[in-house]
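Just so you know, these numbers use all the heavy atoms, side chains as well, and skip hydrogens, waters and symmetry mates. In what follows, every chain begins at residue 1, and chains take the letters A, B, ... in the order their sequences are listed.
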Amino acid sequence: MTKNSKVRINQYNPSEIEKKWPRKNLTSRLRLPASRSRGAISRGKQEYSPSLIESKWQSIWKKEKIYSPNLDKAKKPFYNLMMFPYPSAEGMHVGNMYAFTGADVYGRFQRMQGKDVFEPIGLDGFGIHSENYAIKTDKHPAKQAEISEKNFYRQLKSIGNGFDWSRTVETYDTSYYKWTQWLFIQLFRAGLAYRKKAPVNFCPSCKTVLADEQVLDTRCERCNSLVEKRDLEQWFFAITKYADPLLANIDKLDWSEKVKIAQRQWIGRSEGTLIRFKIKDLRIKNEIEVFTTRADTLYGATFIVLAPEHPVSAAIKDSKIRAYIEKAKEIQKSLEKDKEKTGVFTGLYAINPLNGEEIPVWIADYALMDFGTGALFGDAHDERDVKFAKKYKIPLTPTLITGDKEFDKKILSLEECFTGYGTLIDSGPFTGLDSKQAMKRVAEWLKKHNAGDFEATYHLRDWLISRQRYWGPPIPMVYCKNCADQKLSWFSMAEENEHKVSSSKHKVLSKDENILDTKYLIHNTDMVGWWPVPEKDLPVELPFIKDYKPLGIHSASSGQAVKAPLASHPEFYRTKCPKCGMNARRETDVSDTFLDSAWYFLRYVSTEFDSVPFDEARVKKWLPVNMYIGGAEHSVLHLLYSRFITMVLKDLGFIDFEEPFARFRAHGLIVKDGAKMSKSRGNVVVPDQYVKKFGADSLRTYLMFMGPFSQGGDFRDTGIEGTHRFLRRVWALAQKSISNSKLLISNEGKRAVNKTIKKVTEDVSNLSYNTAIAGLMEYYNFLSVQKEVSKEEIEVFLKLISPFAPHIAEELWSILGNKTSIHKSQWPTYDEKYLVSDEVIIAVQINGKLREVLKIKNEKLKMKNDIEQLAKESAKIKKYLEGKQIKKVIYVEGKIINFVIV
RNA sequence: GCCCAGGUGGCGGAAUGGUAUACGCGGUAGUCUCAAAAACUACUAGCCGCAAGGCUGUGUGGGUUCGACUCCCUCCCUGGGCACCA
């Protein structure tokens with residue numbers, strides 16, 4: 001190669017190239033018929049110009065629809081999905097691009113394995129995050145959505161992913177949220193959507209209630225404000241009904257382990273015993289139910305503690321106690337956890353069913369209504385109980401010892417509070433048992449005497465679904481006062497309703513098998529007066545209103561309520577009752593964003609269908625999703641809600657699978673200078689400038705090379721320069737090989753190429769993209785020192801790199817004379833027989849320390865004696881062995897020989 | 001407090017119990033150039049040594065093993081999840 005051509009190949013100057021190949025020129029070229037436009041844009045030229053080839057190939061791919069599989073005819077469907085983005089912020093940052101690229105690499109790999117890969121994209125554009133952003137930019141959310149959509153789709157296109165752009169889904173589109181509303185109605189009918197008044201999380205800044213999952217350490221996940229506990233009537237989804245199947249299925253999922261652990265923890269099943277304590281005072285008939293995980297300490301229970309909201313607490317009339325209850329509720333609302341616990345004696349006594357002892361019933365602020373039964377028994381083996389008992393001079397009886405005499409002395413004198421498992425003492429017939437046996441025996445005893453049973457309780461709460469905001473799907477329910485006065489409800493009309501919908505193909509639960517449980521409907525037993533909007537009237541369109549901003553809490557005579565923006569619009573909420581035809585009122589709350597995203601994967605395969613939410617045949621063919629990639633921050637939000645909705649749809653007979661995502665992998669987080677990217681830190685990296693300067697291929701390759709995909713990495717400008725240099729070298733190398741079509745691959749070359757295919761194939765399968773790229777770099781280094789590189793070698797190389805750098809691979813592939821896309825080509829395979837080298841390197845160790853490296857012909861490998869002899873002949877080794885006695889020789893074939901000497 | 005993940009050169013990171021630091025970044029020197037940039041070549045864990053070579057090294061301290069970044073135990077630190085959970 002001449003000096004001049006060398007310079008020309010390596011020089012990369014975008015502005016120069018732009019001058020040479022102005023945009024106008026490019027577009028005119030693109031109007032050429034596909035057959036002619038395929039081929040090098042820089043025919044005869046040798047510069048690598050990302051901006052030219054990337055936009056060129058993106059157009060051709062779109063025109064040739066290589067990423068739009070025929071959803072009905074595909075033979076090997078592979079649904080490759082990444083979590084769709086919130087288009088709320090200023091645009092996509094490299095973190096988003098990282099996730100999408102990682103998923104896309106996998107999709108491209110599968111496509112080259114012969115799969116019909118469906119990789120859709122859309123926008124999760126309804127909801128608080130988008131609305132908050134709109135408020136910030138002082139634009140109407142609908143207007144802002146338009147702007148964001150355009151910007152996001154432009155950015156997403158620029159990174160060259162294999163998205164099927166013919167099937168986008170935007171959650172704020174009427175044709176989509178019509179079916180989100182439909183979904184709500186299905187849940188309502190199944191008794192899984194209900195209203196109740198409950199202490200809920202209220203964000204004073206977002207001016208709406210939030211689900212438990214959206215509260216992080218007492219703060220709003222969106223705006224970080226401290227949330228407040230408020231008693232409000234809200235819509236809930238009874239996800240707790242599915243706690244057990246949601247938990248059980250986790251074991252069967254091929255998901256990132258840490259996400260599975262997080263879900264198990266969030267569902268938080270704890271097994272224990274439910275104990276019924278009779279109350280001595282006959283005027284109150286109630287029993288008190290107590291849940292415990294430590295039934296072994298029941299014999300030593302010396303008091304009962306009720307939560308301030310407990311029904312028995314509520315029944316107490318004494319004014320002093322009432323005053324305490326109100327105060328305690330306030331304290332609990334403040335969510336302060338470290339405050340000293342307070343309590344008050346109710347004057348009531350309960351009877352310990354195990355030993356018949358009368359024990360006092362207290363109310364205290366450390367008992368929580370939303371865990372277990374809202375009541376607990378106090379004993380000497382719980383630190384909070386002991387602290388409380390000491391403060392109020394309640395006696396304590398230790399019933400567990402450890403066998404360590406010194407320590408037991410302290411336990412018995414109440415100097416130490418022992419909370420572990422031990423041996424029971426002073427426990428009547430249970431004395432002498434160990435804790436685990438005792439828990440079982442006690443529960444059995446209680447069951448036999450009708451005073452309790454084994455029971456599980458959960459951390460999971462029902463999903464609070466209503467939001468007092470504007471930018472979401474209006475909840476498709478109508479409240480009719482006339483019907484309410486007559487105590488009419490959808491459920492009281494269940495028979496009639498069942499008849500009405502029996503012609504539709506899904507199963508409707510009869511009244512008896514209704515999942516609805518009165519436990520959830522304490523305050524509003526039959527949901528009287530509430531009717532779903534008839535399906536034919538969907539969608540309930542979100543009207544365009546100017547005063548869309550949240551209003552927050554207002555007090556009415558009936559108590560506190562949060563007013564939704566739509567509640568100021570009679571033209572929206574005034575309607576006729578679908579049941580009796582009288583004047584009625586629409587629900588003015590909208591549903592949670594997470595409902596929008598809990599079923600979108602079903603819609604992608606059905607975008608052209610208007611009369612159904614999702615097409616049965618398509619869903620059958622494409623779902624569950626084969627590979628789902630997204631952020632670990634959705635471990636217990638989106639991923640749990642999607643699983644729940646999918647299970648419900650299965651139970652209602654709409655689909656025939658329970659789990660939406662067969663395989664899920666969480667990607668890592670991209671940080672900048674060691675810190676999480678955030679606007680406040682000012683270290684958000686926007687991909688556009690890098691795409692412009694280095695090209696999407698360089699950025700993609702860099703992002704995937706930075707570190708393990710599951711762990712994320714630290715973004716640095718100098719790093720991307722490295723991968724850009726690499727691609728330029730690849731470009732130059734390919735030019736070198738164009739004319740070498742007849743060259744045969746050497747033996748050494750065969751070994752290298754087979755080794756590389758093996759490594760890249762395995763690594764990409766495992767999403768170990770960083771090491772796959774390292775393998776490709778090594779292979780490049782090997783090829784670049786060869787005198788000549790064959791066309792075959794470079795073609796394999798291009799195929800292997802094509803998932804990471806799809807444009808340059810396609811361009812060079814085309815320059816090499818290929819007429820069809822590299823992305824539709826067959827992934828290379830390797831042959832084990834070429835992996836064996838005829839020369840092997842053996843490390844020689846003395847007592848485990850490396851002393852010499854031997855090169856040995858392969859055929860000698862199997863013979864330990866030969867190797868040992870060879871090693872002993874080495875001058876270096878001789879020196880070490882001289883005068884020493886060899887105790888042992890360890891030989892690992894093809895790797896190591898170790899002399900153990902005295 | 002409980003549950004995960006992790007701690008390796010100047011930096012990002014590689015290593016089925018078998019040659020620790022692959023690959024890349026950065027750095028140093030050189031080639032090319034009037035010069036610079038780019039590109040290319042060589043070196044680049046630390047210490048001692050002109051060299052040959054040797055010693056020390058994967059957060060800490062111990063253990064198992066012929067051999068440990070890898071397995072077991074102790075402790076320390078970082079990141080994440082959960083937490084007034086009875």
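Whole-Å rounding puts the A:Met777 CE to B:G24 C1' distance at 6 Å. As rounded to whole Å, 17 Å separates atom P of B:G80 from atom NE2 of A:His634.
Picking from B:C82, B:G26, B:G18 the nucleotide with the shortest atom distance to the side chain of A:Glu721 gives B:G26.
Both A:Ala843 and A:Gln265 lie close to RNA chain B; mapped to their nearest nucleotides by heavy-atom distance, the more 5′-ward contact belongs to A:Ala843.
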Does A:Phe705 form a ring-ring contact (aromatic ring centres under 6.0 Å, His included) with A:Phe804? I'd like the steps, not just the answer. CA-CA 10 Å; A:Phe705 180 58; A:Phe804 301 103; 9.8 Å; no
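Regarding contacts with the backbone of B:C84, every side-chain N or O of A:Lys341 stays at 4.0 angstrom or more from both OP1 and OP2. Under 4.0 angstrom from either OP1 or OP2 of B:A39 there lies at least one side-chain N or O belonging to A:Arg728. The side chain of A:His459 places an N or O atom within less than 4.0 Å of a non-bridging phosphate oxygen (OP1 or OP2) of B:A83.
Nucleotides B:C40 and B:C25 place their P atoms 10 Å apart, quoted to the nearest Å. Using C1' as the reference atom, B:U31 and B:G17 are 45 Å apart when rounded to the nearest Å.
At the heavy-atom level, A:Gly713 lies nowhere under 4.0 Å from the strands shown.
Using a 4.0 Å cut-off between a side-chain N of Lys or Arg and a carboxylate O of Asp or Glu, A:Lys260 and A:Asp251 do not qualify as a salt bridge. Comment: A:Glu868 engages A:Lys872 in a salt bridge, judged by a side-chain N to carboxylate O separation of less than 4.0 angstrom.
Contacts between residues 755-772 of chain A and RNA chain B, counted as heavy-atom distances below 4.0 Å, involve A:Asn770, A:Thr771.
Taking both residues in full, the closest heavy atoms of A:Asn352 and A:Tyr299 are given as ND2-O, 4.0 Å, listed atom of the first, atom of the second, then distance.
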